[in-house]
Every structure is written in C-alpha cells, then in structure tokens.
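Sharing a structure, written as structure tokens. Questions coming.
Quantities reported herein were computed from a predicted structural model and do not represent experimental measurements.
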Amino acid sequence: QVQLVESGGGLVQAGGSLRLSCVASGTIFRVDAMGWYRQATGNQRELVASISSGGGSTNYVDSVKGRFTISRDNAKNTVYLQMNSLKLEDTGVYYCNADIVRSWPLTTRNYWGQGTQVTVSS
C-alpha cells in the first residue's frame, strides 16, 4: 500500500511561520509531481503550490507567492511547504497530493494525504 502522511500544522499568529512536511511511504517505485492544496471552511479545495519530480519546476497560487516555498527531498520521498508571513486567510486544512508509481503492480495513481490543520490567529 501507499500512503501520504502530513505533519507540521498548528496554531500560529499572523506574521508567523510554519513548515509542513509530507512523507510518502509504501511500495513506491517513484514519486512524480507533488503538491499542496488547502481547503478553508465553506470553500473549495485549491492548489497552493506544486513541484515537479526533479524539483526544478514549481508553481504557486498568486496569494502565496513570495511567502511560501515548496521543496522536496526525493531520497526521503518527502515534500515540504515553508510558510512565512502567514495571514488570517491562510487558515485551512492543508492536503498533500502526489502522483506515485507503485513498485508492484507498476502503475501510477494520484494519492492524497489526510490533511493537517493550519490556523492563523490575529
């Protein structure tokens, strides 16, 4: 089986920082593109940031550009989201997402983590 497990969420004051981590584990052959999504109460889930398999290409939603940084460590099958200068509107559940090639059978599937809560207070 394959699973994604996030960590690092919590309560932080506006202007503060948090670092989210997401580890992929299981019968993995390769982890391709990875990303972070978030969902605020009453809103649709939105893509916050994504990173290519080699880490050379990243994309961000406009509202987090200059404040958030996505990175990955392929040796650890881990993706990170460094969040600085946090704002009240960054509050939500953050989900890790990844395209993973399983070892056996050799198939590609998209996976989601269970989510981690980020709450920014004033």
Side-chain angles (χ1 to χ4, degrees):
Q1 301 298 325
V2 172
Q3 62 176 351
L4 298 176
V5 178
E6 302 104 331
S7 62
L11 174 64
V12 63
Q13 285 191 324
S17 298
L18 282 176
R19 189 192 194 206
L20 305 183
S21 300
C22 171
V23 181
S25 63
T27 54
I28 296 172
F29 176 73
R30 187 181 70 242
V31 181
D32 289 336
M34 305 184 81
W36 288 96
Y37 288 71
R38 69 185 175 191
Q39 187 168 20
T41 302
N43 290 357
Q44 290 187 330
R45 193 173 297 188
E46 66 169 348
L47 176 63
V48 175
S50 64
I51 187 167
S52 60
S53 57
S57 178
T58 57
N59 288 286
Y60 299 90
V61 67
D62 286 346
S63 60
V64 308
K65 286 180 180 178
R67 300 188 298 120
F68 290 12
T69 302
I70 189 171
S71 61
R72 65 190 290 167
D73 183 339
N74 286 343
K76 298 180 180 179
N77 286 337
T78 301
V79 64
Y80 306 97
L81 186 68
Q82 178 66 44
M83 305 186 293
N84 299 328
S85 302
L86 283 160
K87 303 177 180 180
L88 296 179
E89 52 265 40
D90 294 319
T91 294
V93 179
Y94 283 69
Y95 297 91
C96 178
N97 179 269
D99 291 325
I100 295 176
V101 182
R102 292 184 59 180
S103 298
W104 184 260
L106 196 62
T107 55
T108 301
R109 217 195 87 178
N110 186 260
Y111 291 85
W112 290 93
Q114 81 288 352
T116 184
Q117 177 70 44
V118 172
T119 303
V120 183
S121 65
S122 59

Nearest non-hydrogen partners of Ser52 and Arg72, listed with the distance: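 Result for this residue pair: O-NH1, 2.7 Å.
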
Atom pair OG1/CE of Thr58 and Met34 - distance to nearest 0.5 Å: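 Nearest 0.5 Å value for the OG1-CE distance: 14.5 Å.
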
Same apolar cluster: Trp104 and Phe29, side chain cutoff 4.5 Å: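 In one cluster with Trp104: Phe29, no.
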
Step-by-step side chain to side chain contact (heavy atoms under 4.5 Å, CB included) determination, Asp73 to Tyr80: CA-CA 8 Å; Asp73 183 339; Tyr80 306 97; 4.1 Å; yes

Within 6.0 angstrom of Gln44 CD, more than 12 heavy atoms from elsewhere: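 Not buried by this count: 12 neighbours or fewer within 6.0 Å.
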
Under 3.5 Å donor-acceptor, Asp32 side chain and Val101 backbone: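 No.
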
side-chain hydrogen bond (donor to acceptor under 3.5 Å, both in side chains) partners of Lys76, counting only residues at least two apart: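 Lys76 satisfies side-chain hydrogen bond (donor to acceptor under 3.5 Å, both in side chains) with no other residue.
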
Residue pair Lys87, Val120: steps toward the side chain to side chain contact (heavy atoms under 4.5 Å, CB included) verdict: CA-CA 6 Å; Lys87 303 177 180 180; Val120 183; 5.7 Å; no

Single-linkage hydrophobic cluster, 4.5 Å side-chain cutoff, Trp36 and Tyr111 together: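 Yes, because Trp36 and Tyr111 connect within a single hydrophobic cluster, where side-chain heavy atoms sit under 4.5 Å apart.
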
Over all atoms of both residues, closest heavy-atom pair of Cys96 and Val79: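 The pair with the smallest heavy-atom distance is SG-CG1, 3.8 Å.
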
Spacing of Thr116 atom OG1 and Leu81 atom CG [to the nearest 0.5 Å]: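 If I round to the nearest 0.5 Å, the distance is 11.0 Å.
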
Evaluation steps, salt bridge (Lys or Arg N to Asp or Glu O under 4.0 Å), between Arg67 and Asp90: CA-CA 11 Å; Arg67 300 188 298 120; Asp90 294 319; 2.8 Å; yes

Spacing of CG belonging to Asn59 relative to CG belonging to Leu47, to within rounding of 0.5 Å: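 It comes to 8.0 Å.
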
Minimum side-chain heavy-atom gap Glu6-Gln114 below 4.5 Å: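 Sidechains of Gln114 and Glu6: in contact.
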
Joint hydrophobic cluster, Tyr94 plus Ile70, side-chain heavy atoms closer than 4.5 Å: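 As far as the 4.5 Å side-chain criterion goes, Ile70 and Tyr94 are connected within one cluster.
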
Same cluster (ILVMFWY, side-chain, under 4.5 Å), Ile100 and Tyr37: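 As far as the 4.5 Å side-chain criterion goes, Tyr37 and Ile100 are not connected within one cluster.
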
Ring geometry between Tyr95 and Trp112 (parallel below 30°, tilted from 30 to 60°, perpendicular above 60°):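 Correct class here is perpendicular.
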
Side-chain donor-acceptor distances from residues 7-26 under 3.5 Å, at least two apart:
{"residue": "Ser17", "atom": "OG", "partner": "Asn84", "partner atom": "OD1", "Å": "2.9"}

Pairwise distance CZ(Arg38) to CE(Met83) - rounded to 0.5 angstrom: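 If I round to the nearest 0.5 Å, the distance is 9.0 Å.
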
Common cluster, Leu88/Phe68, ILVMFWY with side-chain heavy-atom separation under 4.5 Å: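 Linked within one cluster.
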
Flag, side chain of Ser103 to backbone of Ile28, donor-acceptor distance under 3.5 Å: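 It does hold such a pair.
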
Nearest-0.5 Å distance, CD of residue Gln39 to OG1 of residue Thr91: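 Result: 13.5 Å between the selected atoms.
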
